Number of protein chains: 2
Amino acid sequence: MSGTSEGQMERGGKPAEVRRRSGVGPSVDALGQDLAHEAWALLFEVMHAHMRNFPALAAEFELSPVQAHVVRQLGEGPLAMSTLATYLSCDASNVTGLVDRMEVRGLVERRSSEHDRRVKMLVLTEAGAALRERLLERLAEPPAVIANMPEGDLKSLRDIMRRARER
Amino acid sequence: MSGTSEGQMERGGKPAEVRRRSGVGPSVDALGQDLAHEAWALLFEVMHAHMRNFPALAAEFELSPVQAHVVRQLGEGPLAMSTLATYLSCDASNVTGLVDRMEVRGLVERRSSEHDRRVKMLVLTEAGAALRERLLERLAEPPAVIANMPEGDLKSLRDIMRRARER
DNA sequence: CCTAAACAATTGACAACATCAACCTTTGAT
DNA sequence: ATCAAAGGTTGATGTTGTCAATTGTTTAGG
């Protein structure tokens, strides 16, 4: 959509995290970037297969990928359609049809908000909640790459990711 | 923004079920499983957050997500349509239209195989290869979660993933 | 109070993506 | 030579996505 040339400005410039050691050869910035690049490339490579497997996983529950995502998100409680659209980063008009189909299948329910009658809140039906339970269980199963990791690696990985999410 | 009051409840509470181990009981197996589950859950979350904006990333190059994936896969050399279908885990008939559109845009070329005239090999055009170059560069940019990691975490992550890949 | 702007959801038109079934050509085996 | 199997295309159909326009409901201003 927007220009084809400015894509990397924001991302690349952001880590103003200047880890400034005393001048040792090449800028530590560049070194840190290389490190991040390599770690990211590896992570991407290792996880790629499993991410692409998601459609098939959703299909185990006769859900499309997006529907699975909705079921997953909808567990906490009622969500407005527009909020869901934001979560899915898609147009609101898209959510209408999406929810239509899921409603037909008895997974979710539209419920008018009392405070604001423009808003329709989405809730999982009982069947939807049951499905969600099974889905989450299935999603929680770590793939072989993870399951086969030595305990030390698992601990480190967990801690690293915990820290990362709090940032 | 969202009319409701919830949305952030779950994020902190997810690993709650994992926590119950304090004393003697659980075998190392069970502990390892819980650990793997938690590490996987965290990793899954991070990767999914990244996958969510893959469409937007592809759009920076005026590519659909699938097209971006094709451009990426097609770098190594000529690929038969059926092979591509396998890579994409989709039906062969789907690839026809996909490639049609990309061919119209001058990104790829169908080339008949000499050994087997049923087969059509796909190659990137020069423009396609150039686009791929830029795309790969963009894909290599680590997302904020990675870019903001302290150097120690990055090193550990890199090493863990290196080991994982070799398994 | 009344009107205008803003917002939530829907509708309709349209494109990409996905599947299935049917088809044509080519290949390879019998 | 025949026939089954494989590679690719076509056609029908459904889901997902966008955008533009519409309906109904707040909310703000005059």
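As the structure is a computational prediction, the values presented were derived from the model and not from experiment. Order of the sequence lines sets the chain letters (A, B, ...), proteins ahead of strands, with each chain counted from 1.
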* Asked: Atom NZ of K120(B) and atom P of dA6(D): how far apart are they, to the nearest Å?
  -> 19 Å
* Asked: How would you label the contact of S112(A) with the nucleic acid (heavy atoms, under 4.0 Å): base, sugar-phosphate, or nothing?
  -> nothing
* Look at the side-chain heavy atoms of Ile, Leu, Val, Met, Phe, Trp and Tyr, link any pair under 4.5 Å apart, and say whether L88(A) and M51(A) land in one connected group. => yes
* Select one nucleotide: of dT26(C), dC17(C), dG17(D), the one nearest the side-chain heavy atoms of D116(B). => dT26(C)
* Structure fact -> When rounded to whole Å, the NE2 to C1' distance for the pair H69(A) and dT16(D) reads 15 Å
* Between the base of dC19(D) and the side chain of S93(A), is there any donor-acceptor pair under 3.5 Å? -> yes
* Consider only side-chain N and O atoms of S112(A) and R117(A), and report whether a donor and an acceptor are under 3.5 Å apart. => no
* E103(B) CD - dG8(D) C1' separation (whole Å) -> 13 Å
* Round to a whole Å and report the spacing from CZ of R118(B) to P of dG7(D). => 6 Å
* **Length of the line joining L88(B):CG and dT19(C):C1', which is rounded to integer Å** => 14 Å
* Looking only at side-chain N and O atoms, does S82(B) come under 4.0 Å of OP1 or OP2 in dG8(D)? -> yes
* Structure fact -> Rounded to whole Å, CZ of R101(A) lies from P of dT13(D) at a distance of 17 Å
* Out of dT16(D), dC17(C), dA9(C), which nucleotide sits closest to the side chain of A80(A)? -> dA9(C)
* Between F54(A) and H48(B), does the ring centre distance come in under 6.0 Å? -> yes
* **Selection from dT19(C), dT10(C), dT25(D) that lies nearest to any side-chain heavy atom of A92(A)** => dT10(C)
* Asked: For R117(B) and dC24(C), what is the distance between atoms CZ and C1' respectively, to the nearest whole Å?
  -> 14 Å
* Are OP1 or OP2 of dT10(D) and a side-chain N or O of T96(B) less than 4.0 angstrom apart? -> no
* To do: Using modelled atom types only, decide if a donor and an acceptor are shared between the side chain of S89(A) and the backbone of A85(A) within a distance under 3.5 Å.
  => no
* **Protein-nucleotide distance (D91(A), atom CG; dA21(D), atom C1'), rounded to Å** => 13 Å
* Is there a side chain to side chain contact (heavy atoms under 4.5 Å, CB included) between L157(A) and I146(A) once you walk through the steps? -> CA-CA 10 Å; L157(A) 185 58; I146(A) 301 294; 4.3 Å; yes
* Hey, which sits more toward the 5' end of DNA chain D by its nearest nucleotide, C90(A) or V119(B)? => V119(B)
